[in-house]
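Remarks on the structure that follows.
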Amino acid sequence: MKKIVIVGGGAGGLQLATSLGRHFSFNRFHRRNKSPAAEVTLIDRNRTHIWKPLLHQVATGALDSSLDALNYQVHARANGFQFELGSLKGLNRAAKTIELAEVSGEDGKPLVPTRELEYDYLVIALGSQSNDFNTPGVRDNCLFLDSAEQAQRFHNKLLDRFLQLENRVRDKVEIAIVGGGATGVELAAELVDAVHEMGHYGRIKNGDLKVTLIEAGPHLLPALPPRLGNSSAKELSNLGVRVLTGTQVAEATATGFATKDGEVIPADIRVWAAGVKAPDFLQQLDGLTLNRQNQIEVEATLRSKSDPDIFALGDCAGCLDAQEHKVPPRAQSAQQMAKTARDNLISLVETPEAPLQQFTYKDRGSLVSLSKFDAVGSLMGGLVKGSLTIEGRLAGLAYRSLYRMHLAALHGWPKAMLLYLIGQANRFVKPRLKMH
């Protein structure tokens with residue numbers, strides 16, 4: 001029996017483990033195979049999965065991760081694969097083993113020792129981390145939104161500041177966000193909504209929060225047409241957000257940001273959302289070929305250029321697809337890659353003589369939510385010839401459908417719709433903002 005090990009339970013890794021587990025472990029009557037051709041194992045350092053594009057909602061409390069998170073172990077049992085809690089520590093390509101770091105408890109004491117896992121095929125889907133571009137002070141003085149844990153840390157700080165406002169320990173809260181991409185824009189809009197919702201439960205007013213959004217480029221949302229970036233800036237400005245474009249940050253301090261133009265922007269909470277890169281840790285993985293963004297270089301089949309038994313997908317993969325197009329670091333890229341990786345791994349296990357599929361990226365467009373206020377985006381690829389820009393309710397509906405499609409890929413449409421209805425019921429009986 002072949003062993004397929006997937007490291008990273010993000011959008012691509014979890015979808016790949018789910019589809020491979022179902023394929024090898026169940027027959028067409030959904031009964032477990034007694035002797036599957038392959039055993040699939042997913043590894044992640046967290047016990048639960050939350051869709052990364054929703055982390056800005058976790059940060060503000062608009063989304064309760066304890067309700068919406070998916071437990072890896074439970075999901076693995078239902079879908080025919082194994083789950084191992086742990087972080088990748090090392091790779092031995094000659095022995096075809098990976099080493100997982102020790103798992104410690106909240107008190108720092110070891111729970112599970114360092115261990116090794118064997119593989120026949122390894123898939124690395126570790127995602128990305130924020131890129132601070134070596135800006136002084138960022139790592140020490142800023143919060144990031146790369147994980148649910150970091151989003152919860154932001155939420156806790158935000159609640160602490162709200163408590164001080166309630167008790168008039170301070171008269172305002174200043175938050176500065178560096179990066180006018182989707183994360184920065186969505187977080188800024190959600191913060192405005194969070195203050196509005198907090199006003200229903202206490203003495204906080206809309207003017208008590210000052211949000212500044214800083215973008216180095218000429219307009220917000222550089223991945224979208226300039227008109228949509230400018231439209232988003234206008235909408236945010238109408239909501240009270242100070243939007244600065246064409247502004248480069250020179251340094252982050254414990255009290256705010258200093259720009260290259262000499263302006264000092266005070267901020268109680270400082271968020272860095274200005275670009276991503278593959279994890280620095282990949283440089284230590286037994287000589288795998290990387291590009292300048294730390295990404296593992298792969299062929300169009302998603303096989304590593306260094307080792308045919310290792311695949312990479314998602315943000316940590318540097319890929320030119322079958323059309324020689326650079327694949328961008330987006331959630332939709334990871335999900336599309338997962339489908340190609342699935343077909344190729346099944347082929348290697350069941351029909352190794354057959355040629356592997358080459359990945360072709362299809363740009364489905366980009367959508368950005370401005371909380372409950374608005375949404376903007378562009379639809380591309382097979383939907384229209386060229387691109388179609390959308391705004392308002394239509395864009396908001398399309399944005400919300402993306403998460404439903406992610407749930408359907410993991411659970412199937414019946415269960416995805418049931419989860420949606422349960423979520424709507426929770427929002428009806430619970431406060432719209434997580435208060436703890």
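Numbering starts at 1 and runs along the sequence shown. What you see is a predicted model, and the numbers here were worked out from it, not measured in a lab.
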Once rounded to the nearest 0.5 Å, what's the spacing between atom [atom1] of [X] and atom [atom2] of [Y]?
| X | Y | atom1 | atom2 | answer |
| --- | --- | --- | --- | --- |
| Leu42 | Ile4 | CG | CD1 | 12.5 Å |
| Leu282 | Gln293 | CG | CD | 12.5 Å |
| Arg47 | Gln73 | CZ | CD | 8.5 Å |
| Lys52 | Leu55 | NZ | CG | 7.0 Å |
| Leu320 | His325 | CG | NE2 | 9.5 Å |
| Leu288 | Asn294 | CG | CG | 12.0 Å |

Sub-3.5 Å donor-acceptor pair from the side chain of [X] to the main-chain atoms of [Y], do we have one?
| X | Y | value |
| --- | --- | --- |
| Ser25 | Gly21 | yes |
| Ser130 | Val276 | no |
| Arg153 | Leu143 | no |
| Arg93 | Ser306 | yes |
| Asn344 | Gln357 | yes |
| Gln150 | Asp146 | yes |
| Ser231 | Arg227 | no |
| Arg270 | Thr253 | yes |
| Ser333 | Pro329 | no |

Would you call [X] and [Y] a side-chain contact if the rule is heavy atoms closer than 4.5 Å?
| X | Y | result |
| --- | --- | --- |
| Leu88 | Phe281 | yes |
| Cys319 | Leu302 | yes |
| Phe133 | Gln248 | no |
| Ile265 | Leu244 | yes |
| Val271 | Val178 | no |
| Leu239 | Val211 | no |
| Val40 | Phe24 | yes |
| Leu213 | Leu220 | yes |

Taking atom [atom1] of [X] as the centre, report whether more than 12 heavy atoms of other residues, nucleotides or ligands fall under 6.0 Å from it.
| X | atom1 | result |
| --- | --- | --- |
| Lys109 | NZ | no |
| Arg22 | CZ | yes |
| Glu106 | CD | no |
| Arg32 | CZ | yes |
| Gln358 | CD | yes |
| Lys2 | NZ | no |

Worked check of side chain to side chain donor-acceptor pair (under 3.5 Å) between His23 and Glu350 = CA-CA 11 Å; His23 177 86; Glu350 297 180 346; 2.9 Å; yes
Tyr72 six-ring face occupied by Arg77 cation (under 6.0 Å, within 45°) | no
Residues [X], [Y]: salt bridge by 4.0 Å N-O rule:
| X | Y | value |
| --- | --- | --- |
| Asp309 | Lys96 | yes |
| Asp120 | Lys3 | no |
| Arg115 | Glu84 | yes |
| Arg330 | Asp363 | yes |

Residue pair Val298, Phe311: steps toward the side chain to side chain contact (heavy atoms under 4.5 Å, CB included) verdict = CA-CA 7 Å; Val298 297; Phe311 288 71; over 6 Å; no
May I have the step-by-step check of side chain to side chain contact (heavy atoms under 4.5 Å, CB included) for Val5 and Ile98, ending in yes or no?
-> CA-CA 9 Å; Val5 176; Ile98 61 170; 3.8 Å; yes
Only one of Val7, Ile43, Leu85, Val112 passes side-chain contact (heavy atoms from CB on, under 4.5 Å) with Leu100, and that residue is Ile43
Taking the six-membered ring for Trp and the full ring for Phe, Tyr or His, determine whether the centres of His75 and His411 are under 6.0 Å apart.
-> yes
Mind running salt bridge (charged side-chain N to carboxylate O under 4.0 Å, His left out) on Asp280 and Lys277 for me, showing each step along the way?
-> CA-CA 8 Å; Asp280 295 332; Lys277 65 177 181 178; 3.3 Å; yes
Begin with the C-alpha distance, continue with both residues' side-chain angles, and end with the deciding distance and a verdict on side chain to side chain contact (heavy atoms under 4.5 Å, CB included) for Arg303 and Leu356.
-> CA-CA 10 Å; Arg303 269 179 156 170; Leu356 299 184; 3.7 Å; yes
